[in-house]
Amino acid sequence: MTLRPIRVLLPLVVAGCASAPPATPPTTPARSEAADAVVRPMPSGLDAAALDESVKPCDDFYQFACGGWLAANPIPADRSLWGTTTVLAERNQQVLREILEATAAGNPPEGTPYAKQLGDFYATCMDEAKLEKVLPEVKARLARLDSVSGSRAVATEVARLQRAGAATLFEYTSISDAMRSTEVIAAVRQGGLGLPDRDYYVSDTPKMKEIREAYRAHVARMFGLLGDSPKVAATKAGQVMELETRLARAALDRVASRDPIKTYHRMSRAELKALGKGFDWDRYFAEVGTPTVDAIDVKHPPYATAVSDVVRETSPKQLRTYLAWTFLRAQVLALPKRFADADFAFQSRYLTGAKEDLPRWKKCVAATDAGLGEALAVRFVERTFGEEGKRTTKAMAAEIVQAFEANLDGLTWMDAATKDRARYKVKKLYEKIGYPDRWRNYDQLVTDRKSFLGNLMRASAFEAARDLLKIGKPLDRTEWRMTPPTVNAYYSASLNEMVFPAGILQPPMYSRQATDAVNFGAIGMVIGHELTHGFDDRGRLFDGDGNLTDWWSPEAGSSFVERAACVKTQYDGYISVDDLHLNGALTVSENVADLGGLKIAFAAMQAWAKQQPERVVSDARFTPEQQFFLGAGQAWCRNIRPEELRRRVTVDPHSPARFRINGPFSNMPQFQAAFGCTAGAPMVRQTRCEVW
């Protein structure tokens, strides 16, 4: 968790995976045609309507598995993408909405914890009339910046803005020490940019130049909405652009940022201060609430130097403009509608491609989930997540772990000593399924019905304080880094744990109506993916105790690098949109996890079937092996707009859905055998990549 804005985004699958039937909210929103698309379940639980049988599975399996779904499910106007997991997230949101609307109206479901905070937060978010009266409060907050000058004052305001949710200059958070995983220390990361990534500032491609100019105009428009004249607003936009570009040039690119060795620099406070004299770190640490902190992981020391240089060399007026902008862009959800409209106009045209903005209720549900997620999740879990699902997921995970261990025995490129250390890491693997054993405490979070801006800022400050209080304390292994309704999953290298929230353990990822083969293809791929993350190009650098250390023999390490390079080269060759290729170096971890996860999940399914032959079900059309691959494919059907695809290829370590299916499947002899693909077919790579 970091000192960053509460993100107002619908939960989508971005990690290794990609969630009780949906409840009907008191006021049912207009539904898109996509949400009502026909589903024709087969006896196996697969969706016959999703298939495109004009395409052979050996030619383009993603189109075969999903083509019908893609054609019948155009992207709704308010979305940048639409997929089977988005539909799942939509169902989860409907459940959350029902809980929140009842709670805001003073009739919370029985036993709802922190009902006052939940009701206040959601009600003020939904009160758009009250938002129109918030500008005096905003201007009063910004007026505090008028006298900011000098390192001490800047450091004070940076801390205050970060507590309020603004991404300003850098990120500051608690973190498990990479080499002493049970020790919680502080971390300073690069940050503070308004565009999605450094490449948006430094790339010379015509498209990136166009986006930069549009961003400059957007910043000017937002300052104009605050009351600045066009000339003053344009000047401020130029100041913001110049300062953010300077920060971007000092930042590591996405590929380098993924390297845990390049980004581990534990140092003392004195050593951090020695990196630059322009920023008052002592004042900052005192104001942010960690006055005695001393052990700090400075992820990219040159960036800390750049922050000091920027503060020292930039005029107070320009710094004040930048600080004001970071506050303004962090609080758009709490501002009058014209600010949200302006923000959407820029985002939609240049970053997402969405044609309409999301309904207000969806933004407010997402914001409440971000700010009070574990309070909101209590009733959600009761309504949607059964014990049967948890038991089955645990059993499948155990089978997949056993399959991974068995697979180690057959690896010819790994020596016995390294295999033993790999087995130790698997034995130490920690699993979390569904929801936390202990819910988070929100006793100190103050809310009211006066102002959503106030509630949003206090929620950000509450989360920031909660996170930073962990510094210097014993590691809490029970903490979750996602809320239970989230349609996602994750693996943590420093904790050597994989986590599967209740939100994803629902159709199409897991269904009681589907065969075991289909479920092993869908949620099994996710489980195998997260497990393999412990042994991808980053995860393999951490041992079973979560410490950054080289536990590989030189020969085995060299063999791994060679095999991962094959995967990188394969994905470098894929074109995602226009002439933009995937970045194989950026996506290699996820691609290795997809490939390894599928192989291990398939082996686990076969072992499961031998133990429980009565549960092996063939329908009239597809064998269990074919059901496995179709289950995996149909879990990832997804339409996406070109603007959003371009953004994701730039910043997202996950490959687009089509390549997450066709890429690993084309490497697998198991897939070739299941569908009888001949050598030379498009879905049979001549040079196969295999890591695990």
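Treat the numbers as computed from the prediction; the structure is a model and nothing was measured.
- Distance alone, capped at 3.5 Å, places no donor-acceptor pair between the Arg685 side chain and the Ser666 backbone.
- The closest side-chain donor-acceptor pair between Lys425 and Asn496, if any, does not fall under 3.5 angstrom.
- Side-chain N/O atoms of Asp52 and Gln63 include a donor and acceptor closer than 3.5 Å.
- Between the OG1 atom of Thr352 and the CG atom of Leu645 there is a distance of 12.5 Å, given to the nearest 0.5 Å.
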Evaluation steps, side chain to side chain contact (heavy atoms under 4.5 Å, CB included), between Met482 and Val499: CA-CA 9 Å; Met482 287 179 179; Val499 182; 5.9 Å; no

Derivation of the salt bridge (charged side-chain N to carboxylate O under 4.0 Å, His left out) call for Asp60 and Arg658: CA-CA 9 Å; Asp60 182 346; Arg658 177 176 297 275; 3.1 Å; yes

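- Atom CG of Leu598 and atom CE of Met605 lie 11.5 Å apart (nearest 0.5 Å).
- Listed for the Glu530 side chain is a donor-acceptor partner under 3.5 Å among the backbone atoms of Tyr491.
- Nearest heavy atom pair, residue Ser655 against residue Leu582, reads OG-CD1, 3.9 Å.
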Stepwise side chain to side chain contact (heavy atoms under 4.5 Å, CB included) test for Leu580 and Ile575: CA-CA 6 Å; Leu580 184 62; Ile575 297 176; 5.9 Å; no

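- Side-chain contact, Asp516 with Trp608: a donor N or O sits under 3.5 Å from an acceptor N or O.
- If you check the side chains of Thr569 and Asp572, you find no donor sitting under 3.5 Å from an acceptor.
- Salt bridge annotation for Glu643-Arg349: absent, with no cationic side-chain nitrogen under 4.0 angstrom from a carboxylate oxygen.
- Listed for the Asn73 side chain is a donor-acceptor partner under 3.5 Å among the backbone atoms of Trp69.
- If you take OG on Ser553 and CZ on Arg421, they are separated by 7.0 Å, rounding to the nearest 0.5 Å.
- Other residues, nucleotides and ligands contribute more than 12 heavy atoms inside 6.0 Å of the CD atom of Gln611.
- The only option from Phe64, Phe665, Phe628, Phe602 that meets the ring-ring contact (aromatic ring centres under 6.0 Å, His included) definition with Phe671 turns out to be Phe665.
- Side-chain atoms of Thr418 do not come within 3.5 Å of backbone N or O of Met414 as any donor-acceptor pair.
- Formation of a donor-acceptor pair under 3.5 Å by the Ser511 side chain with backbone atoms of Gln513 is found in this model.
- Inter-residue side-chain proximity for Arg688 and Cys566 is flagged as unmet; no heavy-atom pair is nearer than 4.5 Å.
- Residue Gln634 holds its CD atom at 8.5 Å from OG1 of Thr84, rounded to the nearest 0.5 Å.
- A donor-acceptor contact shorter than 3.5 Å links the side chain of Lys599 to the backbone of Trp692.
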Check against salt bridge (charged side-chain N to carboxylate O under 4.0 Å, His left out), Arg254 and Asp652: CA-CA 9 Å; Arg254 288 271 170 167; Asp652 192 349; over 6 Å; no

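- Using a 4.5 Å cut-off on side-chain heavy atoms (C-beta onward), Arg638 and Thr85 make contact.
- The backbone N or O of Arg481 sits less than 3.5 Å from a side-chain atom of Tyr490, completing a donor-acceptor pair.
- Side-chain contact of Arg647 with Gln347: a donor-acceptor pair under 3.5 Å is absent, judged by distance alone.
- For the pair Lys390 and Tyr435, the distance from NZ or CZ to the six-membered ring centre is under 6.0 Å and the angle to the ring normal is within 45 degrees.
- Using a 4.5 Å cut-off on side-chain heavy atoms (C-beta onward), Val577 and Ile640 make no contact.
- Aromatic rings of Phe535 and Phe404 (six-membered ring for Trp) have centroids within the 6.0 Å cut-off, being under it.
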Candidate pair Lys207 and Glu210, rule salt bridge (charged side-chain N to carboxylate O under 4.0 Å, His left out), full reasoning: CA-CA 5 Å; Lys207 189 63 178 179; Glu210 178 188 356; 3.7 Å; yes

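- For the pair Val649/Arg646, no side-chain contact is recorded, criterion being any heavy-atom separation below 4.5 Å from C-beta on.
- Minimum interatomic distance between Ala178 and Phe542 (heavy atoms only, all atoms of both residues): O-CE2, 4.1 Å.
- For the 3.5 Å distance criterion, the side chains of Asp543 and Thr549 fail to qualify, holding no donor opposite an acceptor.
- Using a 3.5 Å distance cut-off with no hydrogens or angles, the side chains of Ser492 and Glu497 do not pair a donor with an acceptor.
- Considering only heavy atoms from C-beta on, Met509 stays 4.5 Å or farther from Asn519 through its side chain.
- In this structure, the side chains of Met498 and Ile527 come closer than 4.5 Å at one or more pairs of heavy atoms.
- Shown here for Ile523 and Ile504, the closest heavy-atom pair between the two residues is CD1-O, 4.4 Å.
- Leu358 and Arg79 get closest at one heavy-atom pair: CD2-NE, 3.5 Å.
- Between the side chain of Arg423 and the backbone N or O of Glu405, no donor-acceptor pair lies under 3.5 Å.
- Closest non-hydrogen pair, Gly633 versus Ile661, comes out as CA-CD1, 3.9 Å.
- Within the cation-pi definition used here (under 6.0 Å to the ring centroid, within 45° of the axis), Arg540 qualifies as a partner of Trp552.
- The side-chain hydrogen bond (donor to acceptor under 3.5 Å, both in side chains) test with Gln570 singles out one residue from Thr687, Asn667, Asn591, and that residue is Asn667.
- Centroid-to-centroid, the aromatic rings of Tyr62 and Phe659 stay 6.0 Å apart or farther.
- No hydrogens or angles considered: nothing links the side chains of Thr650 and Asp197 as a donor-acceptor pair under 3.5 Å.
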Intermediate values then yes/no, side chain to side chain contact (heavy atoms under 4.5 Å, CB included), Asp537 and Phe560: CA-CA 8 Å; Asp537 68 313; Phe560 177 93; 4.0 Å; yes

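- Closest non-hydrogen pair, Gly663 versus Tyr574, comes out as CA-OH, 3.5 Å.
- Contact annotation: the side chain of Lys432 never approaches that of Phe500 to less than 4.5 Å [non-hydrogen atoms, C-beta and beyond].
- Side-chain contact between Thr515 and Val518: present, with at least one pair of heavy atoms (C-beta onward) separated by less than 4.5 Å.
- Other residues, nucleotides and ligands place more than 12 heavy atoms under 6.0 Å from the NZ atom of Lys419.
- Between the side chains of Ser181 and Asp545, no donor-acceptor pair of N or O atoms lies under 3.5 Å.
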Audit row: Asp594, Met525, side chain to side chain contact (heavy atoms under 4.5 Å, CB included) steps and yes/no: CA-CA 7 Å; Asp594 281 342; Met525 175 190 175; 3.7 Å; yes

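- Formation of a donor-acceptor pair under 3.5 Å by the Ser558 side chain with backbone atoms of Pro554 is not found in this model.
- When the ring pair (Phe, Tyr, Trp, His ring centres under 6.0 Å) test is applied to Tyr200, no partner is found at least two apart in sequence or on another chain.
- Side chain of Gln627 to backbone of Phe622: a donor-acceptor contact under 3.5 angstrom is found.
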